[in-house]
*Asks:* 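Input: one structure, supplied below.
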Amino acid sequence: VQLVESGGGLVQAGGSLRLSCAASGFTFDDYAIGWFRQAPGKDREVVSLTSSYDATTYYADTVKGRFTVSSDNALNTVYLQMSSLVPEDTAVYYCSAGPRGLSYWGGTWYPEAFGSWGRGTQVTVSS
């Protein structure tokens with residue numbers, strides 16, 4: 001499993017960025033894809049979790065209504081469209097993958113099952 005993030009950068013508050021996660025080495029439908037972030041001095045947190053097989057996506061309350069996940073299964077790529085960015089969104093954003101049956105089942109997400117990680121991409125939002 002390989003995951004490569006891109007699209008990070010510096011943006012002013014209120015602006016937008018689109019992150020990409022190019023996945024390889026596995027069948028897309030067999031895995032759920034997650035976006036996580038880690039700000040300086042803080043724990044890594046869930047931003048969004050999505051399963052194309054289950055046709056379901058979860059968003060953290062802090063990003064709901066501002067961030068949108070989409071995917072291009074033909075390209076094995078997942079996107080995180082971020083809008084109305086605020087300085088609190090500043091963090092390293094990571095793409096992660098977890099086995100479908102372990103990451104989401106019974107209507108519940110299990111972020112701890114996401115075990116494959118990209119290297120991350122820095123997002124900085126200036127005020």
Side-chain angles (χ1 to χ4, degrees):
V1 175
Q2 287 191 325
L3 302 163
V4 179
E5 305 95 336
S6 62
L10 174 64
V11 63
Q12 288 188 333
S16 300
L17 278 176
R18 189 178 79 160
L19 305 184
S20 299
C21 173
S24 62
F26 61 96
T27 302
F28 215 44
D29 271 355
D30 289 341
Y31 280 76
I33 301 296
W35 285 99
F36 296 73
R37 68 185 181 185
Q38 187 166 20
K42 295 188 177 181
D43 293 335
R44 188 176 295 180
E45 63 177 3
V46 174
V47 174
S48 178
L49 306 171
T50 188
S51 169
S52 60
Y53 179 88
D54 297 294
T56 186
T57 300
Y58 162 85
Y59 295 98
D61 288 342
T62 52
V63 307
K64 198 174 296 183
R66 301 188 297 122
F67 291 11
T68 303
V69 171
S70 61
S71 64
D72 187 331
N73 286 14
L75 295 179
N76 265 22
T77 299
V78 176
Y79 304 98
L80 180 67
Q81 178 67 49
M82 306 185 295
S83 303
S84 301
L85 286 162
V86 297
E88 291 73 24
D89 294 319
T90 295
V92 178
Y93 283 71
Y94 297 91
C95 177
S96 181
R100 172 168 49 83
L102 297 178
S103 305
Y104 178 81
W105 59 274
T108 301
W109 285 100
Y110 296 88
E112 62 271 24
F114 286 75
S116 299
W117 296 88
R119 293 187 175 183
T121 185
Q122 175 71 46
V123 172
T124 303
V125 184
S126 63
S127 57

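Just so it is clear, the structure is predicted and the values come from calculations on it, not from any experiment. One-based numbering along the sequence shown.
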*Asks:* Looking at CG of Leu75 and OG of Ser24, how far apart are the two atoms once the value is rounded to the nearest 0.5 Å?
*Replies:*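 The OG atom of Ser24 is 12.5 Å from CG of Leu75, to the nearest 0.5 Å.
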*Asks:* Should the pair Arg44 and Phe36 be classed as cation-pi, given the thresholds of under 6.0 Å to the six-membered ring centre and 45° from the axis?
*Replies:* no
*Asks:* Got a second to check how far Leu17's CG is from Leu80's CG, nearest 0.5 Å?
*Replies:* 9.5 Å
*Asks:* Which heavy-atom pair separates Val1 from Ala97 by the least distance, and what is that distance?
*Replies:*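 Taking every non-hydrogen atom into account, CG1-CB, 4.4 Å.
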*Asks:* Has Ser103 got a side-chain atom pairing as donor or acceptor with Arg100's backbone, closer than 3.5 angstrom?
*Replies:*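 Pair absent, no side-chain N/O of Ser103 close to backbone of Arg100.
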*Asks:* Begin with the C-alpha distance, continue with both residues' side-chain angles, and end with the deciding distance and a verdict on side-chain contact (heavy atoms from CB on, under 4.5 Å) for Tyr79 and Leu19.
*Replies:* CA-CA 6 Å; Tyr79 304 98; Leu19 305 184; over 6 Å; no
*Asks:* Quick one: do Tyr110 and Trp105 satisfy ring-ring contact (aromatic ring centres under 6.0 Å, His included)? Show the steps, please.
*Replies:* CA-CA 8 Å; Tyr110 296 88; Trp105 59 274; 5.4 Å; yes
*Asks:* Rounded at 0.5 Å granularity, tell me how far OG in Ser84 sits from CZ in Arg66.
*Replies:*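 One finds 7.0 Å between OG of Ser84 and CZ of Arg66.
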*Asks:* Between atom OG of Ser83 and atom CZ of Phe67, what is the distance when rounded to the nearest 0.5 Å?
*Replies:*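 So the OG of Ser83 and the CZ of Phe67 are separated by 8.0 Å.
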*Asks:* Between Thr57 and Leu49, is there a side-chain heavy-atom distance shorter than 4.5 Å?
*Replies:*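 No, their side chains stay 4.5 Å or more apart.
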*Asks:* Same hydrophobic cluster for Tyr94 and Val78, using side-chain heavy-atom links shorter than 4.5 Å among ILVMFWY?
*Replies:* no
*Asks:* Out of curiosity, Ser6 OG to Arg119 CZ, how far, rounded to the nearest 0.5 Å?
*Replies:*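 Here the interatomic distance stands at 14.0 Å.
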*Asks:* Can you name the one residue among Phe114, Tyr58, Trp109 that meets ring-ring contact (aromatic ring centres under 6.0 Å, His included) with Tyr104?
*Replies:* Trp109
*Asks:* Contact between Glu5 and Tyr93 at the side-chain level, heavy atoms closer than 4.5 Å - yes or no?
*Replies:* no
*Asks:* Check the surroundings of atom CD in Glu112: do more than 12 heavy atoms from other residues, nucleotides or ligands lie under 6.0 Å from it?
*Replies:* yes
*Asks:* Between OG of Ser48 and NZ of Lys64, what distance do you get to the nearest 0.5 Å?
*Replies:*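 Taking OG in Ser48 and NZ in Lys64, the distance rounds to 10.5 Å.
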*Asks:* Cut-off 3.5 Å, side chains only: do Thr77 and Asp72 have a donor facing an acceptor?
*Replies:*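 Distance-only check fails for Thr77 and Asp72.
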*Asks:* Under 4.5 Å between any side-chain heavy atoms of Thr124 and Val11, yes or no?
*Replies:*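 When only atoms from C-beta onward are counted, Val11 and Thr124 do not touch, as no gap falls below 4.5 Å.
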*Asks:* Quick one, Tyr59 and Val69 - any side-chain contact, counting heavy atoms below 4.5 Å?
*Replies:* yes
*Asks:* Ser52 and Asn73: side-chain contact (heavy atoms from CB on, under 4.5 Å), yes or no, with the steps?
*Replies:* CA-CA 9 Å; Ser52 60; Asn73 286 14; 4.0 Å; yes
*Asks:* Kindly say whether Ser51 contributes a backbone atom to a donor-acceptor pair with the side chain of Asp54 at under 3.5 angstrom?
*Replies:* no
*Asks:* Which heavy-atom pair separates Thr121 from Gly8 by the least distance, and what is that distance?
*Replies:*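 So the two residues come closest at OG1-N, 3.2 Å.
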*Asks:* A side-chain contact here means heavy atoms from C-beta on lying under 4.5 Å apart; do Trp117 and Leu3 qualify?
*Replies:* no
*Asks:* Are the side chains of Met82 and Val123 in touch, meaning some heavy atoms are under 4.5 Å apart?
*Replies:* yes
*Asks:* Considering only heavy atoms from C-beta outward, does the side chain of Ser96 approach that of Ile33 to under 4.5 Å?
*Replies:* no
*Asks:* May I have the step-by-step check of ring-ring contact (aromatic ring centres under 6.0 Å, His included) for Phe26 and Tyr31, ending in yes or no?
*Replies:* CA-CA 8 Å; Phe26 61 96; Tyr31 280 76; 4.6 Å; yes
*Asks:* Quick check: do Val92 and Arg37 have side-chain heavy atoms less than 4.5 Å from each other?
*Replies:*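 No - every pair of side-chain heavy atoms lies 4.5 Å or more apart.
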*Asks:* For atom CD of Gln122, is the number of surrounding heavy atoms from other residues, nucleotides or ligands below 6.0 Å larger than 12?
*Replies:*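 Counting neighbours around CD of Gln122, more than 12 heavy atoms of other residues, nucleotides or ligands fall under 6.0 Å, so yes.
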*Asks:* In this structure, would Leu85 and Val46 fall into the same cluster of hydrophobic residues linked by side-chain contacts under 4.5 Å?
*Replies:*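 In one cluster: no.
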*Asks:* Ser127 and Ala13: which non-hydrogen atoms are nearest, and at how many Å?
*Replies:* CA-CB, 4.3 Å
